[in-house]
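In what follows, a structure is listed as structure tokens, so that the remarks can point back to it.
These numbers come from the heavy atoms of this one structure, side chains and all, not from hydrogens, waters or symmetry mates.
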Amino acid sequence: MMAMGVPVGLALLVAGIAGTIAMTGWSAAAYTLSGQAFATASYYELSVLPLFILMGNLASASGLSRDLYEVAHRWIGHLRGGLAVADGAGLRGFRGAFGILDRLGRDHGAGGLSQYAPLWLWRKAVDGDHRGGRHFGHPDPAIDRLCALRHADRAIHRPAVHRGDPARADADRAVPGGHRGHRHPAPGRGAGHAAIRLGRALAAPRGGRRGSPPSCF
Amino acid sequence: MTIGGIYGGIFTPVEAAGVGAGFAFLMLVLRRRMTGAVISHVIRDTLRTTGMCFLILIGASVFAPFIALSGLPAVVAGRFDALPWGRRGRSC
């Protein structure tokens with residue numbers, strides 16, 4: 001029923017009543033419906049629901065919500081990457097949990113993530129390619145996003161690029177055969193490679209002329 | 001205020017909800033936005049959302065006895081227990 005678009009509560013109610021009628025008869029179903037419905041609606045602790053909903057609606061109607069947002073926007077809205085601050089908190093949490101991002105920072109000679117704000121980490125991860133070219137800011141947002149994803153992926157596999165460095169020997173072993181010696185591997189069949197192929201197709205100039213792909217590919 | 005009141009032990013959650021709604025109403029009055037249309041919209045919106053929530057709760061409270069009557073939880077638990085997951089894989 002829910003798949004057909006029936007509201008969740010109604011679907012549960014109808015299924016429950018129909019099932020109870022089929023199994024025990026009308027009287028038990030009527031008793032269940034009346035008793036349970038009344039018991040649920042008269043549950044004291046549930047009275048917070050309409051009150052909080054009313055409070056939210058009143059706050060919205062009085063403009064409190066908009067003003068609170070304006071205050072927050074004026075406090076931290078002028079900071080560039082205000083949204084990334086929240087992402088950064090998440091990144092730091094994940095770093096503490098998995099440690100992979102710290103390694104990411106070291107692989108780019110950054111000396112660890114702790115020296116950087118999270119936004120810096122991603123700039124470092126994405127801009128850290130040997131070519132050092134411009135990777136963000138492609139006029140096509142799809143390509144720009146693919147660039148970021150592609151380089152984030154490459155940054156994770158980056159130890160293979162530093163082959164021969166004793167300090168990164170363990171990292172080299174961690175990626176056996178992966179991208180070793182190939183800075184730009186040919187796309188395979190995986191989903192990530194499909195994204196790369198899509199990016200290359202999007203990057204190809206129209207009109208049949210074969211041009212160079214964007215710098216990140 | 002409501003969260004602080006709850007955590008500070010000043011209000012129960014129900015009281016905090018009432019106080020919050022009261023202060024929100026006060027703000028509506030002080031900001032001179034209390035018109036008939038606004039009040040009507042707020043009440044209708046509140047009733048609609050509350051009705052939806054309670055319909056789900058009532059539906060769940062009717063659906064749960066049916067599931068218990070059908071014996072489905074016991075069957076599912078039995079099937080899980082029968083899986084060869086060893087001692088640590090038992091559901092109960």
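When every heavy atom of B:V14 is checked against every heavy atom of A:L51, the shortest pair comes out as O-CD1, 3.9 Å. Between A:P50 and B:F54, the shortest heavy-atom contact is CD-CE1, 4.2 Å. Nearest heavy atoms, B:A24 versus A:A59: CB-N, 4.1 Å. For A:A61 against B:L28, the heavy-atom pair with the smallest separation is C-CD1, 3.9 Å. Counting all heavy atoms, side chain and backbone alike, B:A21 lies closest to A:L58 at O-CD1, 3.5 Å. Smallest separation of non-hydrogen atoms from B:L55 and A:L10: CD2-N, 4.0 Å.
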Which donor-acceptor pairs fall under 3.5 Å between chain B and chain A:
from, atom 1, to, atom 2, distance (Å)
B:R31, NH1, A:S62, O, 3.1
B:R31, NH1, A:D67, OD2, 2.7
B:R31, NH2, A:D67, OD2, 2.5
B:R33, NH1, A:S62, O, 3.2
B:T46, OG1, A:N57, ND2, 2.9
B:S61, OG, A:T40, OG1, 3.2

Yes or no on side-chain contact (heavy atoms from CB on, under 4.5 Å) for A:I17 and B:F63, after CA distance, side-chain angles and deciding distance? CA-CA 7 Å; A:I17 291 175; B:F63 189 70; over 6 Å; no

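With respect to chain B, the highest number of heavy-atom pairs below 4.5 Å among A:L33, A:V14, A:L64 belongs to A:L64.
A distance of 12.0 Å separates CG in B:L57 from CG in A:L13, rounded to the nearest 0.5 Å.
Contact annotation for B:V38: only side-chain heavy atoms (C-beta onward) come within less than 4.5 Å of a heavy atom of chain A.
A:L12 is not listed as a side-chain neighbour of B:V62, based on a closest heavy-atom distance of 4.5 Å or more.
Taking a 6.0 Å sphere around CZ of B:F23, one finds it holds 12 or fewer heavy atoms contributed by other residues, nucleotides or ligands.
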